[in-house]
Amino acid sequence: MGKNDIHIVRTTTWSAGPGCHGGCGVLAHIKDGTLVKIEGDPEHPWNQGRLCARALAMTQYVENPKRLRHPLKRSGERGEDRWEEISWDEAFDLIEKTMKKIREDFGPESVIFSMGTGRDIGPWICMLAYAFGSPNVMFALSGNACYSPRIAALDTVQGDYCVFDAGQWSPDRYNDPTFKVPECMIVWGYNIPATCPDNLFGHWIVDLMKRGTKIIAIDPRLSWFASRARHWLQIRPGSDSALAMGFLKVIIDEALFDEGWVRTWTNASHLVRHDTGKLLRESDITAGGSPDNCVVWDQLAAGPAVWYSQSVGFKTPDVKPTLTGDFTVELADKSWVACRTAWDAFRSEVDNYPLDMVQEITGVPADEIAAAACFYGKSKPASIHWGVPIDMTPAITPLCQAIAILWAITGNLDIPGGNVFTRFAFDAVAYALPGAEGVIKLKSKELDKKRIGADRYGPFNKFIWRCQTDTALEQILTEKPYPIKALWVQACNLLGNIGLDPKRWREALKKIDFIVAVDLFHNATTQYADVVLPAATFLEKDGVRSWWVPLQSINKALIVDECRPDIEINFELARRFDPDFKWNTIYELYNDIIKPSGLTYEELQKQGWAYPPQGHPSRPYHRNEKGLLRGDKKPGFNTPTGLFELYSTLREGWGLNPLPHHEEPPFTPVSRPDLAAKYPLILSTGRRSPAYFHSEHRQIPWLRAIDPDPVVEIHPDTAAHYGIGNGEWVWVDNWLGRAQFKAKVTLVVPPWMVMATHAWWFPEKKGAEPELYGTWKYNINLLLPMGEQGEDGLGAPIKHSLCKIYKALDREVPYE
Amino acid sequence: MSKKPEYGLLIDYEYCTGCYTCQVACCQEYGWEAGMSGMQVMEIVQKLPKGKAYLNYLPFPTELCVLCAARTKKGLQPACVQHCMAGVIKWGRLTELAKELGRKPRMVLWSPR
């Protein structure tokens, strides 16, 4: 009995299972082909033996009675929950035949391939779409407002993404002699220990705190970090950019920035024309000069000098650019133009944010802002880490730019314990995130021209290889400029989770002729599919993970019935769609992806994980100095000027404000006092639960016991005002719709805001319409709009809307 | 009368983030049905003067906790101790843990039934 029959498979979490962005090393105990236990791998540098509740509940997940186990074909009307089991061959044949016909009649772009938060599905859904010939891969959230906008914004101003340093680039972690513990860390809108988003292990921050890091928490809620922070700034949702500008004002006024760094590594000295407000270019001052090159005022020569963007330097090394001042420069046509430096333009923008005004906008007392900003500015090293609320506002890019300038000008970029550039380990790109290109590509640039939104939004032509989601929804409904005929939905619950204004998404689904859903469980969205394919958990697949570090393999531990890994489903269809498909097996593909590491997939599986060596571009530190960031190996950054851009040349080119600034979001008491009169509470959504990853895990008994009901957090004074008791059911209501929640009366929220949990549905309720697992009654997205994306197509007002609340006397009202 | 407890758990609740790992680790180890566990995480929101409040989580060992005797005999840590994401639970002899209790604020020492 027992032990001798159990074998242990060492593998890596990612995707279905814990649901998170993974990275934890686990030991799966397998007996007779079934999972009997899962434990954290004590030898794995990432989690060091620790493991979260969701991963520890895998035995209830893998063999869950509600799991999809066979391919299904719809036998009733959409939304009737009537299905017929079919074989994989039948399913593949049906999909191949139907989609090829659509491709023939309407072109490959008429099929959208939609994913949720993606995880290891990202590369494989791209592989399938591109093999089919469609550029339309969609991350289905309004404003693509999760992670991509932050990455794109940092690519815009500093050329590479960065994250806080917890020694994760070294297997020795905190003991690595090159690592330093940050003295201060700003945790900006982040309850990271709850779900480990963004490819980081949330409790690394707790590890750092135990080693001495002090926290500045920026959060409207009394989060765990807020309770333990040296400074807690209780911000009004949607005013983050004003706060960031206030921080910059303090840092500059108190001279807490590193002027040498600003002079050497930023475009602060580049001249900006007074007449156009745009950067002065070489082409302005010299006939035949390049529009890519900028101009500085050289102190030594007392005249203009050209900054050659391509060679990341001046023609001669003795140019001494002036950081501040007004200068008149002769143009090529012999006229004269008055200019100032980008630093002065930036400073004058920052001066628009005196702290009393920032207090007015954010609700945070000016003295607290000053104290926190000084503490950050004086701490060496210091880091900032931000959560998804940063993406969830329309003016996301100027906000990211402001925060990026904070870590840059305080000298905290790519230093030990600071904000450190992060790349795919060994530059092995599996996951086609913004800015990264891997082995999975569209066959031609020509095919990409039809990508939805790419003609309208700058970042979508530069970093983001997805549809702009709000534009895609419009296009499905209007069929303009071309109709969408089929939808491939993979691990993406459009109606019950990621789709805002889900009733409009339902209209959209009804318009589409053919829908295939790939998932592990039936949900609101699979009910609208014509074919449903059963996917696998991470324990049931071989895979590869390279964002960010280490490079890891996912190793198959078991098989469940007819369930198949996403990669294998997509691989089979990709081969059928594309006669020139490059790979014969998934292992050939994996070998191609990890080629830059020098390892074969077999070797990687054997060793489990691999860290890039010292000196590799995907390993810190000081890479801008060492010439490790740019393809041409020149010191500098991967931006159009080769510099950290305080003043964004890309934004200028896209016709957008090139400087950081605050824009009031569309539905706040400030921007819409008329709505606030009727809907007096700020509605925020999406606080994380450690038991769930978005809409997942509601059917896992151990996890459901932790967080059994959809709750809305209400401050005791507010609850008393509306006559609501703790545990009573209430409606949260606004001009778009209403949804029902159980009141959690708690001091963790301020009196002026309620926090409604997101992605609620009930797997135990009826799947057929009109109930649809409770989607139309408990989904907070019924109150959130589509079509309010930022002017660069990124960001959406998800964390800050308005609502009223009242007691639900009619808990069992018929479904609307 | 039962004999005096020899082993216990030292819980550094200052760093407990309320991740519920301990609770589910115990469920897995013993196959408890949902709602039962040797650990229950409690959320405590304490009102403070001047409109302030403090948020604590406390992993509380329940009637079902047997200190994973089968695991510790094999040289393993109890399931909750090994997996705790914040590393705040320590298993050991009560006499040793009692000494540690004085070294840092915001900790509790627990002995089993």
Side-chain angles (χ1 to χ4, degrees), chain A residues 3 24 29 36-40 42 47-60 191-196 201-207 209-210 221-228 232 234 689-691 700-708 715-717 744-748 750-751, chain B residues 12-59 68 70-71 74-89 104-106:
Chain A
K3 198 156 172 63
C24 286
H29 297 231
V36 290
K37 190 196 267 197
I38 186 166
E39 299 219 319
N47 53 315
Q48 300 166 322
R50 299 175 274 186
L51 206 57
C52 74
R54 296 182 315 282
L56 289 165
M58 279 306 292
T59 52
Q60 289 194 336
N191 188 19
I192 180 172
T195 48
C196 300
F201 187 77
H203 283 78
W204 289 343
I205 303 179
V206 180
D207 297 346
M209 289 165 73
K210 287 183 177 176
R221 287 175 79 242
L222 178 72
S223 65
W224 183 84
F225 284 120
S227 253
R228 276 142 189 83
W232 171 34
Q234 192 175 26
S689 163
I700 311 300
W702 291 332
L703 300 175
R704 186 67 178 276
I706 292 169
D707 206 352
H715 188 277
D717 296 348
K744 181 176 177 181
V745 177
T746 172
L747 289 163
V748 306
Chain B
D12 180 355
Y13 67 87
E14 178 179 8
Y15 290 108
C16 172
T17 63
C19 74
Y20 291 85
T21 276
C22 52
Q23 198 171 307
V24 178
C26 185
C27 288
Q28 178 185 233
E29 190 69 25
Y30 296 98
W32 298 120
E33 65 177 83
M36 291 166 73
S37 177
M39 269 285 189
Q40 191 169 339
V41 179
M42 291 155 56
E43 183 185 270
I44 302 145
V45 183
Q46 179 58 54
K47 192 171 182 175
L48 301 175
K50 297 180 190 166
K52 295 200 154 84
Y54 200 84
L55 172 65
N56 268 317
Y57 292 98
L58 180 67
C68 283
R71 285 178 69 102
K74 281 188 270 178
L76 295 169
Q77 291 292 319
C80 63
V81 175
Q82 184 195 321
H83 292 107
C84 176
M85 299 278 275
V88 302
I89 312 172
K104 178 192 169 299
R106 293 188 165 122

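Computed from a predicted structure; not experimentally measured. Labels below follow one simple rule: chain letters A, B, ... track the order of the sequence lines, proteins then strands, and each chain is numbered from 1.
With chain A as the partner, the residue from B/Trp32, B/Tyr15, B/Tyr20 showing the most heavy-atom pairs under 4.5 Å is B/Tyr15. Top candidate by heavy-atom pairs under 4.5 Å with chain B, chosen from A/Lys210, A/Gln48, A/Arg54, A/Met58, is A/Lys210. In terms of non-hydrogen atom pairs under 4.5 Å with chain A, the most contact-rich of B/Val88, B/Thr17, B/Asn56, B/Val45 is B/Thr17. When each of A/Ala691, A/Ala194, A/Gly40, A/Pro701 is checked for heavy-atom pairs under 4.5 Å with chain B, A/Gly40 comes out on top. No other option in B/Ala86, B/Ala79, B/Gly35, B/Ala25 has as many heavy-atom pairs under 4.5 Å with chain A as B/Ala86. The greatest number of non-hydrogen atom pairs below 4.5 Å with chain A, out of B/Gln40, B/Glu29, B/Lys52, B/Met36, is found for B/Glu29. Contact count against chain B (heavy-atom pairs under 4.5 Å) is highest for A/Gly49 among A/Pro716, A/Gly202, A/Gly49.
With a 4.5 Å cut-off on non-hydrogen atoms, A/Ala57 touches chain B through its backbone and its side chain both. Residue contact with chain A, scored on non-hydrogen atoms closer than 4.5 Å, is absent for B/Cys22. Residue contact with chain B, scored on non-hydrogen atoms closer than 4.5 Å, is absent for A/Ile700. For a residue to count as touching a neighbouring chain, one of its non-hydrogen atoms must lie under 4.5 Å from one of that chain's; by this rule A/Gln234 does not touch chain B. Residue A/Ser689 does not touch chain B at all, counting heavy-atom pairs closer than 4.5 Å. Proximity to chain A (any heavy atom under 4.5 Å) is restricted, for B/Glu43, to the side chain, taken from C-beta onward. When heavy atoms are compared at a cutoff of 4.5 Å, B/Glu33 approaches chain A solely by way of its backbone atoms N, CA, C and O. Contacts between A/Phe225 and chain B at a heavy-atom distance below 4.5 Å are absent for every atom of the residue. Of the two parts of B/Cys19, the backbone and the side chain both hold a non-hydrogen atom closer than 4.5 Å to a non-hydrogen atom of chain A. Heavy atoms of A/Ala53 lying under 4.5 Å from chain B belong to its backbone as well as its side chain.
Side-chain N or O atoms of B/Arg71 include one that pairs as donor or acceptor with a backbone N or O of B/Gln77 at under 3.5 Å. At distances below 3.5 Å, not a single donor-acceptor pair connects side-chain atoms of B/Gln28 with backbone N or O atoms of A/Thr59. Remark: the backbone N or O of A/Trp702 is paired with a side-chain donor or acceptor of A/Gln60 at under 3.5 angstrom.
Residues A/Arg50 and B/Gln82 bring no donor and acceptor atom of their side chains to less than 3.5 Å of each other.
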Hey, mind stepping through B/Cys26 and B/Cys80 against side chain to side chain contact (heavy atoms under 4.5 Å, CB included) and telling me if it holds?
CA-CA 6 Å; B/Cys26 185; B/Cys80 63; 5.7 Å; no
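When side chains are defined from C-beta on, A/Ile706 counts as touching B/Val24, because their heavy atoms get closer than 4.5 Å. Between A/Leu222 and B/Tyr54, every side-chain heavy-atom pair lies at or beyond the 4.5 Å cut-off. Using a 4.5 Å heavy-atom threshold, the side chains of B/Gln46 and A/Leu747 count as separate. Side chains of B/Thr21 and A/Leu51 form no contact here, defined as non-hydrogen atoms less than 4.5 Å apart.
Using a 4.0 Å cut-off between a side-chain N of Lys or Arg and a carboxylate O of Asp or Glu, B/Glu14 and B/Lys104 qualify as a salt bridge.
Of all non-hydrogen atoms in A/Ser227 and B/Ala53, the two that sit nearest each other are OG-O, 4.4 Å.
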